[in-house]
> 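Structure below; questions to follow.
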Amino acid sequence: MRAWATSGMARLDAGLLKMASRKHRLIGIALLRIVIGAATIMYCLADYGDRRFLWGPDSYNSIQTAKSALSEGSFSLYLFSHSTVWFEVVFHATILVSAVFMVYGGRALTLVQAVLMWSLHNRNQDVLEGGDNLAQILIIFMIFTVSNAYFAPGAKQRRARFREQSGPSVPTVLHNLAAYLIVFQTAVLYFAAGYWKITGKMWQDGVAMYYISRLTGFQMWPAYAHLMSNAYVTTAVSYFTFFIELTLPFAILSARGWVRKANTLALEGMHLGIMAFMGLVCFGLLMIGADCTCLRDEDYRSLKTRAMAIGSRFARRVKPAAPSGPAPAIDPPVGVLAAQGSGADA
């Protein structure tokens, strides 16, 4: 018993030291940063011509109505003034900051992005697609993370400085704690969604996707409704949906990398389908960004290695083989040699 307790404490100490000494999930957080910036820009530009009607001071959803719809502690910069100039400044600042945040990242930009994104979402909640709720939570945690260790200018030098650091540090602890909270929030969301699906009769009967394909509130692709008319397809898709949602928390905790990668890629494929078939582009993007944080940095490196190996094999197959050396000498025909010999005798 004492040996077991000693071993457990040693493992706990090693885990805490690892969490305090090296930053984790840097690639996933960087991908989430890019997705949030891109989704916010798309959200603004999709209705750019109707921006004053949807979010302006003279919107159908008046400032007083929007204020009454806010929960306690919520805010929106759009509700501070009835000035059209103020609205245009804040709206275009949201687009500009989102673009800069998507490219550069960093804690200061994350904070500004959070304020502007919350303001946009809280100005008119009628036009939200659903992923905004998760994004509003995750971006708060992102303020304490290093979101520009990958896919940003100076990222390689930034990672080099991280490798030079030795020993635990407060910024490393804050980053890892926030990163794990992002993963925890995502896992809880998926598990709750899967649980509520599996307790519903339509999902149990495997016909939920059929009825979803008949909804008129989304821009459904006509082929999607036709595809879901097949009993085998709609049953398989319905069961597959809540299966991958329920298993995500267990996949995240799994020591087998292929389990984590398979489950995460399946979820991302599901949201790509939602984007293509239902037209919920911003929702799908934000959920894919959250999915990206569920993979470890080593998972991304193994995926990159596998993709490069597949690309190399494909390139070798499609590329014609080049000659490896000088062309071999070809002997002249026997008749030519005989004629040359008889000429020499003469």
Side-chain angles (χ1 to χ4, degrees), residues 25 27-32 34-36 38-39 129-131 133-135 138 179-180 182-200 202-213 218 220-221 223-224 227-228 230-307 309-311:
R25 301 186 186 269
I27 300 177
I29 297 296
L31 291 173
L32 177 60
I34 295 172
V35 167
I36 287 180
E129 295 182 355
N133 294 322
L134 181 61
L138 299 189
Y180 288 133
I182 289 174
V183 176
F184 175 77
Q185 180 66 48
T186 304
V188 168
L189 173 70
Y190 274 115
F191 187 82
Y195 174 78
W196 285 112
K197 286 182 176 69
I198 203 173
T199 57
M202 286 193 298
W203 288 96
Q204 293 175 4
D205 295 340
V207 297
M209 298 306 297
Y210 170 81
Y211 288 104
I212 290 175
S213 67
F218 303 102
M220 293 290 186
W221 190 35
Y224 175 61
L227 187 64
M228 290 300 112
N230 185 295
Y232 296 103
V233 173
T234 189
T235 301
V237 173
S238 298
Y239 287 167
F240 179 74
T241 299
F242 65 70
F243 173 78
I244 60 176
E245 290 181 341
L246 284 172
T247 55
L248 178 65
F250 307 101
I252 292 173
L253 297 174
S254 174
R256 301 180 182 273
W258 70 267
V259 175
R260 297 190 299 271
K261 288 179 279 191
N263 196 290
T264 302
L265 292 175
L267 286 170
E268 292 178 348
M270 178 184 73
H271 287 113
L272 287 173
I274 291 174
M275 293 167 61
F277 297 141
M278 301 180 66
L280 298 176
V281 178
C282 291
F283 167 77
L285 271 180
L286 291 172
M287 295 307 299
I288 288 174
D291 298 339
C292 290
T293 63
C294 297
L295 292 180
R296 303 174 186 176
D297 291 339
E298 53 266 29
D299 294 332
Y300 284 105
R301 295 188 186 100
S302 66
L303 286 173
K304 179 183 177 181
T305 302
R306 180 66 61 85
I310 294 174

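Quantities reported herein were computed from a predicted structural model and do not represent experimental measurements.
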> Can you sort out the partners of R260 under salt bridge (Lys or Arg N to Asp or Glu O under 4.0 Å), two or more places apart, ordered by chain and number?
D299
> Please identify each residue that fulfils salt bridge (Lys or Arg N to Asp or Glu O under 4.0 Å) with D297, with sequence neighbours left out.
none
> Drop me the distance from I27's CD1 to L295's CG, to the nearest 0.5 angstrom.
9.5 Å
> Could you pull out all residues at least two apart from V183 that satisfy side chain to side chain contact (heavy atoms under 4.5 Å, CB included)?
R25, I252, T293
> For A193, what residues pass the side chain to side chain contact (heavy atoms under 4.5 Å, CB included) criterion, not counting sequence neighbours?
K197, E245
> Please enumerate all residues that pass ring pair (Phe, Tyr, Trp, His ring centres under 6.0 Å) together with Y224, with sequence neighbours excluded.
F277
> Roughly how far, to the nearest 0.5 Å, is CG of N230 from OH of Y210?
12.0 Å
> Quick check: closest heavy atoms across A187 and L248, and the distance to 0.1 Å?
CA-CD2, 4.2 Å
> Tabulate below the donor-acceptor pairs under 3.5 Å that side-chain atoms of residues 279-292 make, not counting sequence neighbours, or state none.
unit_1, atom_1, unit_2, atom_2, d
D291, OD1, Y190, OH, 2.6
D291, OD2, Y190, OH, 3.3
D291, OD2, H271, ND1, 3.4

> Suppose we screen for side-chain hydrogen bond (donor to acceptor under 3.5 Å, both in side chains). Which residues come up paired with S213, at least two apart in sequence or across chains?
none
> Give, for atom CE of M228 and atom OG of S238, the distance between the pair rounded to the nearest 0.5 Å.
7.5 Å
> List the residues meeting side-chain hydrogen bond (donor to acceptor under 3.5 Å, both in side chains) with R306, not counting sequence neighbours, and say none if there are none.
none
> side-chain hydrogen bond (donor to acceptor under 3.5 Å, both in side chains) with D205: which residues, sequence neighbours excluded?
K201
> Once rounded to the nearest 0.5 Å, what's the spacing between atom CG of L267 and atom CG of L272?
11.0 Å
> Who are the side chain to side chain contact (heavy atoms under 4.5 Å, CB included) partners of I198, not counting sequence neighbours?
F242, L246
> Rounded to the nearest 0.5 Å, how far does CD1 of I29 lie from CD1 of I182?
3.5 Å
> Apply side chain to side chain contact (heavy atoms under 4.5 Å, CB included) to T235 and list each qualifying residue two or more places apart in sequence or on a separate chain.
Y239
> Under the salt bridge (Lys or Arg N to Asp or Glu O under 4.0 Å) rule, what pairs show up with a residue in residues 267-287, not counting sequence neighbours?
none
> Which value, rounded to the nearest 0.5 Å, describes the distance between E298 atom CD and R301 atom CZ?
7.0 Å
> Take T241 and W203, measure what side chain to side chain contact (heavy atoms under 4.5 Å, CB included) needs, and give me the verdict at the end.
CA-CA 9 Å; T241 299; W203 288 96; 4.1 Å; yes
